[in-house]
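A quick write-up on the structure given underneath.
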Amino acid sequence: MRALPSPLLAVTDRHGHPRPLAETVQAILDGGGRWIWFRDRDLETDARRRLGEAVAERVRAAKGVLTVGGDVALARALGADGVHLGGGSGPEAIAAARAALGERALIGVSAHATHEVAQAASAGADYATLSPIYATASKPGYGPALGLAGLAAACDRELPIVALGGLDADRIDGCRAAGAAAVAIMGGLMRAREPAEAAQAVLKAWSSADRAPV
């Protein structure tokens with residue numbers, strides 16, 4: 001099982017904060033976050049690349065890890081460390097991403113049910129995000145929240161699971177105890193008044209949960 005670069009995967013959303021996205025990402029990096037998922041997929045190609053370049057510059061300077069959502073060509077252009085593919089991506093898509101980005105590329109896949117986690121594992125993904133763990137406005141179309149029981153069921157297999165959906169520092173304990181290898185957070189970081197402090201709080205909660213008996 002491949003080790004993930006950080007217990008916190010920060011998911012970008014330029015609409016979440018009035019400051020420029022690159023500044024929000026910088027604040028998260030300053031708070032100890034080291035794994036950034038550049039999402040913002042609603043932009044047209046050139047605008048997304050320009051924004052991605054600004055984000056990638058900050059991540060590289062912090063010696064962090066950059067994942068690009070859903071666009072292998074953009075990930076390659078930005079010199080990203082990996083790509084996050086949509087749910088249902090099979091072995092061919094994952095193999096193509098590795099061929100484009102290199103054998104060391106970190107390839108993630110979205111999952112919304114336990115059987116989709118199994119599919120991601122058999123297809124050769126390095127990890128899967130599982131969502132929504134809790135109800136969240138950013139995941140309205142993926143059915144009811146899976147809860148910690150659903151997370152625990154999905155974690156019972158040979159693939160690192162990144163819990164996603166409605167998470168903040170107060171919910172890290174349960175996710176860690178359920179077997180998550182990391183947590184992915186968008187709104188709780190992007191909409192935070194102080195993203196650096198929010199990232200610090202999540203990482204502190206993870207560290208405390210890791211030391212607690214499960």
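When a residue number appears, it is its place in the shown sequence, counting from 1.
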Quick one, [X] and [Y] - any side-chain contact, counting heavy atoms below 4.5 Å?
{"X": "Val68", "Y": "Leu78", "answer": "yes"}
{"X": "Ser110", "Y": "Leu85", "answer": "no"}
{"X": "Ile161", "Y": "Leu151", "answer": "yes"}
{"X": "Asp173", "Y": "Trp206", "answer": "no"}
{"X": "His17", "Y": "Arg193", "answer": "no"}
{"X": "Leu74", "Y": "Arg48", "answer": "yes"}
{"X": "His112", "Y": "Ser131", "answer": "yes"}
{"X": "Ile36", "Y": "Ile28", "answer": "yes"}

If Ile, Leu, Val, Met, Phe, Trp and Tyr residues are connected whenever their side-chain heavy atoms lie under 4.5 Å apart, and connections chain through other members, are [X] and [Y] in the same group?
{"X": "Ile107", "Y": "Leu4", "result": "no"}
{"X": "Leu9", "Y": "Leu101", "result": "no"}
{"X": "Val11", "Y": "Val109", "result": "no"}
{"X": "Val83", "Y": "Leu164", "result": "no"}
{"X": "Val183", "Y": "Leu203", "result": "yes"}

For the residue pair [X] and [Y], what are the closest heavy atoms and their distance?
{"X": "Ile94", "Y": "Ala125", "result": "CD1-N, 3.6 Å"}
{"X": "Ala181", "Y": "Pro160", "result": "CB-CB, 3.9 Å"}
{"X": "Ala192", "Y": "Gly188", "result": "CB-O, 3.5 Å"}
{"X": "Pro5", "Y": "Val65", "result": "CB-CG2, 3.7 Å"}
{"X": "Ala111", "Y": "Ala128", "result": "CB-CB, 4.5 Å"}
{"X": "Arg58", "Y": "Ala22", "result": "NH1-O, 3.8 Å"}

What distance do [X] atom [atom1] and [Y] atom [atom2] have between them, rounded to the nearest 0.5 Å?
{"X": "Arg14", "Y": "Met190", "atom1": "CZ", "atom2": "CE", "value": "12.5 Å"}
{"X": "Leu159", "Y": "Gln119", "atom1": "CG", "atom2": "CD", "value": "12.0 Å"}
{"X": "Thr114", "Y": "Leu146", "atom1": "OG1", "atom2": "CG", "value": "7.5 Å"}
{"X": "Arg39", "Y": "Asp13", "atom1": "CZ", "atom2": "CG", "value": "8.0 Å"}
{"X": "Leu167", "Y": "Ile185", "atom1": "CG", "atom2": "CD1", "value": "5.5 Å"}
{"X": "Trp35", "Y": "Leu66", "atom1": "CH2", "atom2": "CG", "value": "11.5 Å"}

Taking it one step at a time, do Phe38 and Val25 satisfy side chain to side chain contact (heavy atoms under 4.5 Å, CB included)? CA-CA 10 Å; Phe38 175 56; Val25 168; over 6 Å; no
Flag the pair [X] and [Y] as a salt bridge only when some basic side-chain nitrogen lies within less than 4.0 angstrom of an acidic carboxylate oxygen.
{"X": "Glu53", "Y": "Arg49", "value": "yes"}
{"X": "Arg60", "Y": "Asp81", "value": "no"}
{"X": "Asp126", "Y": "Arg104", "value": "no"}

Under a 3.5 Å threshold, yes or no: a donor from one side chain and an acceptor from the other, between Asp42 and His15? yes
Are any side-chain N or O atoms of [X] and backbone N or O atoms of [Y], one a donor and one an acceptor, separated by less than 3.5 Å?
{"X": "Glu194", "Y": "Ala196", "answer": "no"}
{"X": "Ser208", "Y": "Ala205", "answer": "no"}
{"X": "Arg34", "Y": "Leu29", "answer": "yes"}

Holding to side-chain hydrogen bond (donor to acceptor under 3.5 Å, both in side chains), I want the full list of residues that pass it with Glu197, two or more places apart in sequence or in another chain. none
Assign the ring pair Tyr127 / His84 to parallel, tilted or perpendicular, where the plane angle (0 to 90°) is split at 30° and 60°. tilted
Criterion side chain to side chain contact (heavy atoms under 4.5 Å, CB included) on Cys175 and Leu148, from CA distance to verdict: CA-CA 7 Å; Cys175 291; Leu148 294 178; 4.2 Å; yes
